[in-house]
Each structure stands twice: as structure tokens, then as C-alpha cells.
Student: 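Dumping the structure here so I can ask a few things about it.
Only a predicted model underlies this, so the values are computations on that prediction, with no experimental measurement involved. Chain letters run A, B, ... following the sequence lines, proteins first and then strands; every chain starts at 1.
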Number of protein chains: 2
Amino acid sequence: MTSPTLSDVARAAGVSYATADRVINNRGNVAEKSIAKVREAVTSLGYVRNVAAANLSRGRIYRLAFLIPRGSNAFFNRIRQHIDHAAAHQASERVTAEVIEVAAFAVEGLQDSILALLERDFDGVAIVGLQSAALEAPLAELRAKGVAVVGLVSDLPHAARAAYIGIDNIAAGRTAGRMVGLAHGGQGGKVQTFAGSLNARDHAERLAGFREVLSADFPQITVLDPIMTKDEAQVLQAQMQKVLSQQGLTAIYNVGAGNSGLIAALDGDQGTRPFCVVHELVAHSRQALMARQIDLVIDQRPDVEINRAFTVLRALIDAKDLPPMPDLVPTVYVRDNLPADTLTDKMKAQDT
Amino acid sequence: MTSPTLSDVARAAGVSYATADRVINNRGNVAEKSIAKVREAVTSLGYVRNVAAANLSRGRIYRLAFLIPRGSNAFFNRIRQHIDHAAAHQASERVTAEVIEVAAFAVEGLQDSILALLERDFDGVAIVGLQSAALEAPLAELRAKGVAVVGLVSDLPHAARAAYIGIDNIAAGRTAGRMVGLAHGGQGGKVQTFAGSLNARDHAERLAGFREVLSADFPQITVLDPIMTKDEAQVLQAQMQKVLSQQGLTAIYNVGAGNSGLIAALDGDQGTRPFCVVHELVAHSRQALMARQIDLVIDQRPDVEINRAFTVLRALIDAKDLPPMPDLVPTVYVRDNLPADTLTDKMKAQDT
DNA sequence: AAGAAAATGATATACGTCTATCAAAAATGA
DNA sequence: TCATTTTTGATAGACGTATATCATTTTCTT
């Protein structure tokens, strides 16, 4: 009933433990036919290496780092929270995670931080990235040292990372577009869009996806060019106030941050307001959903992303394949399917 | 840099390893002041038990069982798939999972299967349950044996399980209602609902949530009484054909299964069709979304549920608290935010 | 066939914890 | 104070794997 050990495999294969070990850990200097015998015994016995024992023996620890933009952005605060939370729970599995704050959206700052990582002994790093060739060299050095590198939320140069963990922003924009289209119930309309900056790749992608769907499937709806906000709440609030006075505006879509300003602008105007879609479920967007000030939130599930980052990094470090994980898709929230508020009762168990 | 061991704790506390061990594992026969000294050393050193070593030493294995309704239902096929997949990946952590098929929706069958579990040595069991007092006694026996019991997808009697892993079906129905409401764009309409049976608690709850939202927030939309389908595709197809010929039908909502019939009925009729919402993303509902035969799928993310079931059962067995996990919420799919098709490329890695 | 090279076997130690045993020391009761 | 109970210390083996060393056997060269 108990699972076979490597000694069992060795015995079944008719070789010594040492040889079986040489095969399992590719130490070389083994005859082909011994390799074959051991492989055969492995499959016939259904041997799987006991990872607990292996890690114990190796004294393996996983030292992870997360490079996250500095600042008080609600979304990244949530990300930081999830990292700390996940790290606390994996401490018993010898996983440590350090959050390193980086100047937001500055290539040089990020570059310096990556170079600084070289001095430290990390096994894996998750980076909220930028698409800049300037990052390729330092990342290559990092990977040459054997550090696993993944992009988080915002991708790194493709060749410079082993995986990207984040949603497809075109799909996110398309989803928003679909929802805005549906909400017009076949009627025409006019949508005002907002973005932080079109240099931010995720913003540009969301907007493109949004336009794609509306022009293809809802041609009777006009999409106005985005108003740039630098993701600042004040800018959004001021612009919103102007925009709301326009006639015939049927919907609003903000691909970026700064939603507290957007919501503040809506707070006054209590007549019929346009259909409002924003990104990221945080305290104020959640509250605005409940208060019916906005209609829809498209969320990237940072909790899922962080879990996935830990899992992927560990798998990369162990060079094994990935365990099953939920797929990352843009999630649609309305006021009726909100998750429990993890800020107020973070550690809430699911049990009775 | 390396984390402290129990020997370190003992040394710091000025007691022997044996005493430290007695405290850590509550073996009793320890003086209060020794307990205090050890506890203090634990917190000051930040000691956390190395679970890998502990499990290795104990020879711990997690024998899990899943009681799933028998039959060819696409949703439960997906569930079974996810269980097998997750089990395969946890084999290296000494987790075994056995899927036990049970007569679908029959209290006596389920009762017998639970009694049969008593003869086997399982550590944890996840059961797709029914709300029946007849299950309470056998489940109590099971739990008395020290077996962790959780309800999966459909809850068990509240007192008879340690946790429920599944979505809130009222929220799912409310979400569907919200979407149908929004899709009317302020206009009136008439919605035809379908259900397998109102004795199935999840169906009744979804319908109730659906009605709640529409009557409260979209009173200009009429919700017609559900047509009962026993979740059979043929029945759905026949009834749909009748219903589609009616005038003024603006939306359709099926809270239950059998959607292949619903879709087949829509296939002929290529004019303007009502807004269609169904539950559970499976091969045919996915295809129908892509083919624009239906508009929305509300999914309970069985992959997430299964992951969660494994995690919760292990935590219950180890009597430790729960690691961070994504919340379970009804997920809204449109044709733009579908996950990668896990049936065709199941093991697909996320990396480049 | 002799010598070199490659492959194999036997074995020991370590990882951190659990579990058990036995002897020794300290606290308690009368 | 002596006997009893409670508490403590010391230590050893086991879990399954990783890693290393050294001696021995097999295979290859020419």
C-alpha cells in the first residue's frame, strides 16, 4: 500500500541504489542498459520521488523576490498584501518572499533594481515589468545565474522571462466592450473612454480590445477618443464633470486607475447616469458597485495571480511541470457576485 | 540565514530536545515554566515546524475520496477530470484521491456509499451532497472516525460537514438576473426560465436570486415561470422550439443542465433571438458562445473548486489553518474572456 | 592480453522531525 | 526524611532522498 522508494526501484531493476540514484538524478557515467532497466522499474512500480524527503535532504529553500511599483496605488497595495499573506503561509515549506519596491514605471529605476538583485541570492523573481530593451541585459545576467524570472501583471521583454503571469489585456478590453454593447440593448449610444497613458501597454491593449468589439458587433455605438488622466483621481474627477454635462453619453469606460475621482464625480449627479465600467476591484470600486454608482468592474484577480506566481516560480526552480491552477481570465464583477471582503476579514476560514 | 530547528529552540530555551518536543507536540507531563520557556524561544527565534520533515518522519499520506454522481453529465465529467489531474500532480506529496461514483441525486444511494466509506481508511472525503437528514447519522459516524468531511458543489446537511466548497447559488442567480436586466438597456421584456427540478436546491436558489434582482431593479421585465426539464436535452429542445415561436420573448435563462438541447433549438432559428444565459462552461456551451448562439455563461469554476477541495481537506487533516486561496464566485463568461480550452491542451504550461 | 577507462556496488553521513525508551533529577506528599 | 510521582535529559532508530567516497568489476583500446 505504501509507495515505492528508490531502493525498491533499484532492487526491481537489479542494480544498486547508487546506480538507480545516478539514473534518477542524471549524474552520468551509467550504461545505457542500466538506464533502461531503471526507467522500466520506475514506470512499472509507479515510482515518484518523495519531494518532501528530497527537499529535506537538499536543505532546499526557495528565496523569492517580488519587484512591485512603489506608491499608494490601491491595486498594488492589494498585490503586496496578497504576497505577504501567501508568504506567511508558505513559511512552513521553506519559502521566503521579499517585496522590493521600485520607482513606478521608470525604466532606469527598474533596471537598477534588477542589477541589485544580482548581489542577492534569490532563487526566483517576479517582476512587474515594462517593455524595454534596456531590461534585457540585466535580466539575462540574472537568468544566467540560475534565477527563475517571471513577468507579473505587466510583461517583460518576451525573451527575458520564463513566463508571464497576468491577464490578456486585449481580452479584458474586449470583455468590457461586450458588456457595454450588451447594456445598450440594441440601441445606439456614445461611449467616453479614459486612459492613464497610451504608452502603458496594458492601457493601449484594453482600449484596442474594447474598440474591436464595439466596432465589429455594435456599430451603432460611437466610441469617443480616450481622455488622458495619468491615472490621477483629480484629473478624472475634473474631466468627468465636464463629460457628464454632454448630451447623449450612454457609457463610460476607464481602462486605467484613479477611479476614486471618477466615482466622486458621479456622486453628485443623481439622475440617469451613463453605464460605467472600470478596472480592478478595490475598496472604492467595490463600494461604488454596491452604491450603484458604477455598473461593472473588470478585475484581474490579483490573489489568483500571486498564487500562480508562487506556484510557477517553485515549479521553475524545481524544473518540474506545473500543477493544475485556475486559468487567468478577466473577471466580471457586478454587485451580485462580489467575493467576501478580504480586507476586513482576511483570514476568514470557509468552514462552519 | 537558515531557519531554526527544534534543536535550536531547545538550546535557546535551555531545555533538552525531548522537552521541547513534548511542548511542541503537546505530549503532556511538562512543567508550566518549561512550556513557557519553549514557547518564548519559539516566538523569539521564529521557529516553524518543517512540515516536509515531519510528514516524512510520520510517513503521512493523505487518502482522499470524492463522491461524485455517476453519469455522463458534462459538468461532472469535467469535475472528474480535474480531480484526476490534481491527484496526479499531488502524488509526489503523498496524496491519493479516489473518485467514487454514486447514483445521481438518490439519497439512499448516497447513504450507502457513505456507509461503505466507513470500511475504508480515508483521511478526508469530499461529497457532492444532498440536503437530507438521512445522511446525518452516517456522516457523524465517519467524522467520529476522524475523517474530514466537506460538501462539494452541492452542500450536505450543515452540521454534518466541516466546510462547503461551492458557489453561492443565490448569487449566481442574481448575477444572471443582473446581466439579463442590463442587456435590456432600460427597455421592457419577457424572460422564459428553465429548470431541471425545483427540488434541487441549487436550481431553486438560482431562480430565486434571478427573480430577486429582476423584480427589484428591472420591474419592466416579466419573468415567466420555469419550464421543468429534468435536465434532459431532448425536453429542453422540444420546449425551446415551442417557446421561440412566442411573440415578445426577449431573454432565456436556464438554471440547470441539458444545454445541448437548448442550443440545438437555437441552431435553426437564425433571426433575432432572445438574449440567452446558461450555466457551466463545457464543450457545447463554449462552442455556442463562440458561435453567438448564446450570450453568457455563468460558471462555477470547477477547477478552482477542486483545487480548493484538496487544499481544504489537507488543512483539515493537518488541523492547520487555510492557506490563501482564490474566492469562489460565480464567473461570467462571454465570448471574449474564455479561458484556454483545457480539454484540448490540458497540460499546457504557461511559459514561452 | 595488459592497461586504461568506464561503470557499478557498498556504504556512510546528513537533512529535521517523530516516537520511544530508560535513567536521572526534581518536586511533591506524608 | 523517605517514598512516590512528576518532570527532564540523553539517545537511538526511522522516514526517503542527496551526495560523496572508495573499492571492485566490467568494458574498451590497441
Side-chain angles (χ1 to χ4, degrees), chain A residues 1-39 41-42 45-62 90-96 317-320, chain B residues 1-39 41-42 45-62 90-96 317-320:
Chain A
M1 209 57 245
T2 160
S3 26
T5 73
L6 191 49
S7 300
D8 297 329
V9 170
R11 199 173 319 116
V15 301
S16 72
Y17 176 90
T19 297
D21 170 72
R22 287 181 181 109
V23 174
I24 292 293
N25 293 305
N26 316 298
R27 297 188 203 278
N29 288 330
V30 190
E32 285 300 336
K33 60 170 193 173
S34 296
I35 297 183
K37 281 193 292 182
V38 172
R39 290 265 156 77
V42 165
L45 292 184
Y47 170 78
V48 271
R49 168 202 254 116
N50 182 329
V51 183
N55 285 352
L56 173 59
S57 173
R58 284 208 181 99
R60 200 195 217 321
I61 53 176
Y62 303 84
Q90 305 203 33
S92 60
E93 287 152 56
R94 266 43 188 172
V95 176
T96 64
I317 292 169
D318 290 340
K320 67 176 185 188
Chain B
M1 208 59 241
T2 159
S3 29
T5 72
L6 192 49
S7 300
D8 297 329
V9 170
R11 198 172 323 116
V15 300
S16 70
Y17 177 89
T19 299
D21 170 72
R22 288 180 182 110
V23 174
I24 293 293
N25 293 305
N26 316 298
R27 299 189 202 277
N29 287 329
V30 190
E32 284 299 339
K33 61 172 190 167
S34 296
I35 296 183
K37 280 193 292 182
V38 172
R39 291 262 155 76
V42 164
L45 292 185
Y47 169 78
V48 272
R49 166 202 256 116
N50 182 330
V51 183
N55 285 351
L56 174 59
S57 172
R58 284 206 181 99
R60 188 175 232 337
I61 52 175
Y62 302 84
Q90 305 204 31
S92 59
E93 288 153 55
R94 268 42 191 170
V95 176
T96 64
I317 292 168
D318 290 339
K320 69 176 185 190

Student: For A:Pro4 and B:Arg94, work out which heavy atoms get closest and say how close.
Tutor: O-NH2, 4.2 Å
Student: Consider side-chain contact (heavy atoms from CB on, under 4.5 Å). Of A:Val15, A:Asn26, A:Val23, which one does A:Ile35 pass it with?
Tutor: A:Val23
Student: Write down the partner of D:dT27 under the Watson-Crick or G-U wobble criteria, each distance required to be under 3.5 Å.
Tutor: C:dA4
Student: Can you name the nearest heavy-atom pair linking B:Lys37 to B:Gly14, along with the distance?
Tutor: NZ-O, 4.2 Å
Student: Restricting to side-chain contact (heavy atoms from CB on, under 4.5 Å), what partner residues turn up for A:Thr96, sequence neighbours left out?
Tutor: A:Arg63
Student: Please list, pair by pair, any protein nitrogen or oxygen found under 3.5 Å from a nitrogen or oxygen in nucleotides 12-17 of chain D.
Tutor:
unit_1 : atom_1 : unit_2  : atom_2 : d
D:dC15 : O2     : B:Ser57 : N      : 3.2
D:dG16 : N2     : A:Ala53 : O      : 3.3
D:dT17 : OP1    : A:Tyr47 : OH     : 2.6
D:dT17 : OP1    : A:Asn50 : N      : 3.4
D:dT17 : OP2    : A:Leu6  : N      : 2.7
D:dT17 : O2     : A:Ser57 : OG     : 2.8

Student: Does any part of the side chain of A:Asn55, heavy atoms only, come nearer than 4.5 Å to the side chain of A:Tyr62, both counted from C-beta?
Tutor: yes
Student: Given atom CZ of A:Arg27 and atom C1' of D:dT21, what is their separation to the nearest angstrom?
Tutor: 13 Å
Student: Please list all pairs meeting salt bridge (Lys or Arg N to Asp or Glu O under 4.0 Å) that have one or both residues in residues 3-25 of chain A, counting only residues at least two apart or in different chains.
Tutor: A:Asp8-A:Arg11, A:Asp21-A:Arg27
Student: Atom CG of B:Asp318 to atom P of C:dC18: distance rounded to whole Å?
Tutor: 12 Å
Student: Sequence neighbours left out, cut at 3.5 Å: what donor-acceptor pairs do the side chains of residues 45-53 of chain B make with other protein atoms?
Tutor:
unit_1  : atom_1 : unit_2  : atom_2 : d
B:Arg49 : NH2    : B:Asn25 : OD1    : 2.5
B:Asn50 : OD1    : B:Ala52 : N      : 3.0
B:Asn50 : OD1    : B:Ala53 : N      : 3.1

Student: Polar-atom pairs under 3.5 Å, protein N or O versus N or O of nucleotides 4-8 of chain D: list them with distances, or write none.
Tutor:
unit_1 : atom_1 : unit_2  : atom_2 : d
D:dT7  : OP2    : B:Asn29 : OD1    : 3.2
D:dT8  : OP1    : B:Ser34 : OG     : 2.2
D:dT8  : OP2    : B:Ala31 : N      : 2.8

Student: I'd like to check the side-chain contact (heavy atoms from CB on, under 4.5 Å) partners of A:Ser34; sequence neighbours left out, ordered by chain and number.
Tutor: A:Thr19, A:Val30, A:Ala31
